[in-house]
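A quick write-up on the structure given underneath.
Letters A, B, ... are given to chains in the order of the sequence lines, protein chains preceding strands, and every chain is numbered from 1.
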2 protein chains.
Amino acid sequence: MKDFENHDSAPNKDLCDGFCPSNGNVEKLKEKVLEVAGLSEIFKVLGDETRTKILYLLSEQRLCVCDIAVILDMSLPAVSHHLRLLKAFRLVKYAREGKMVYYTLDDDHIINLIREAQDHFAEGR
Amino acid sequence: MKDFENHDSAPNKDLCDGFCPSNGNVEKLKEKVLEVAGLSEIFKVLGDETRTKILYLLSEQRLCVCDIAVILDMSLPAVSHHLRLLKAFRLVKYAREGKMVYYTLDDDHIINLIREAQDHFAEGR
DNA sequence: ATAACAATTAAACGATTGCTTAATTAATAA
DNA sequence: TTATTAATTAAGCAATCGTTTAATTGTTAT
């Protein structure tokens, strides 16, 4: 018999032994935590140095794949791989021009996240 | 003879073949990209769903380890492991009270990053 | 002292990540 | 057409990550 919807999750029933003062808030906090569910997906994207750099570069100007490869001193397939992921997240878009494929930012909000992270370091962390 | 400071990085010398229009900006962009160096470290921390949730919970109220384990339905060692990492990044601090160890936020800026990410989704992404 | 509980630590394991190399597609030039 | 260059894709591999289990530390109660 499954009891997934129970108030206390079965596997952790013995934890804390009911003495923790925050026990009364557990249900409330379980709901609260849903507000950030899925949020880490964007952070995962930015959690790679190369991808953060690519997005930052593209916020300056459009660039073709080999430009990025030269600037970041990486192989073409490596860069292309990251661009593919950024594309999947709708953070960049591309336009083919002859042999070259030019990438541009497709999200004007992502740069705010990067700036916010810069502020974080600026505040002495 | 090392040529690290050369205009064209040696391993990618043949890339782009010098035809890309942005070639003149390569040096400028190489400097530009330094502005976001190291930034992905914080994003990596937030790139784990559990850690984002822990930080979000602690922005509400202080919690002991087993509280967090119950709320997130995780094992104590798993939670403890994440708290250790958050501590290493000075994002949380702890205070022992009897058997329990209470964790609190030690960084009032990190929540801004989380809110900014919420905005990102709110804007229809 | 012994027992019980909160928390941490360590070792081990499976899953994921990001790179490399090699092959392939797409577009232009000879 | 063939050759060349830009870019993508696929396969393989090493490194990293997050979890589990088990052992250990620290504190309180009996």
Rounded off to whole Å, could you give me the CG-to-P distance for the B:L85 and C:dT8 pair? 13 Å
Measure NE2/B:H81 against P/C:dA12 and give the value in whole Å, please. 16 Å
Separation of C:dA7 atom C1' from B:Y102 atom OH, nearest Å, is 13 Å
What's A:Y94 touching, base or sugar-phosphate or nothing? Going by heavy atoms closer than 4.0 Å. nothing
Backbone N/O of A:E35 and side chain of B:Q118: donor-acceptor pair under 3.5 Å: yes
Nearest-angstrom distance from the residue atom CZ of A:R51 to P of C:dC19: 8 Å
Counting the atoms with a prime plus P, OP1 and OP2 as sugar-phosphate, which does B:H82 contact under 4.0 Å by heavy atoms, base, sugar-phosphate, or nothing? sugar-phosphate
Within less than 4.0 Å of OP1 or OP2 of C:dG18, is there a side-chain N or O belonging to A:S75? no
From CG of A:L72 across to C1' of C:dC19 the rounded distance in Å is 14 Å
Is any side-chain N or O of A:S80 closer than 4.0 Å to OP1 or OP2 of D:dA7? no
When the ring planes of A:F43 and B:F43 are compared, do they come out parallel, tilted or perpendicular, using 30° and 60° as the limits? parallel
Residue mapping more 5' on DNA chain D - nearest nucleotide basis, A:K99 or A:V79: A:K99
Whole angstrom value for the distance that separates P of D:dT21 from CG of B:L76: 13 Å
Taking for each residue the nucleotide of DNA chain C bearing the nearest heavy atom, is the 5' side occupied by A:E97 or by A:T50? A:T50
When you match B:L83 and A:A78 each to their closest nucleotide on DNA chain C, which lands nearer the 5' end? B:L83
Check this one for me: any side-chain N or O of B:R84 less than 4.0 Å away from OP1 or OP2 of C:dT9? yes
Separation of D:dT5 atom C1' from A:D67 atom CG, nearest Å, is 14 Å
Nearest-angstrom distance from the residue atom NZ of B:K87 to C1' of C:dA7: 15 Å
Would you check if the side chain of A:D48 reaches a backbone N or O of A:R51 as a donor-acceptor pair within less than 3.5 Å? yes
Identify the two heavy atoms, one from B:E49 and one from A:G38, that lie closest to each other, and give their separation to 0.1 Å. OE2-N, 2.9 Å
Counting only side-chain nitrogens and oxygens, does A:R96 get under 4.0 Å of the OP1 or OP2 atom of C:dA26? no
Tell me yes or no: between the side chains of A:N112 and B:H120, is some donor less than 3.5 Å from an acceptor? no
Considering only C:dT20, D:dT19, D:dT20, which nucleotide approaches the side chain of A:P77 most closely? C:dT20
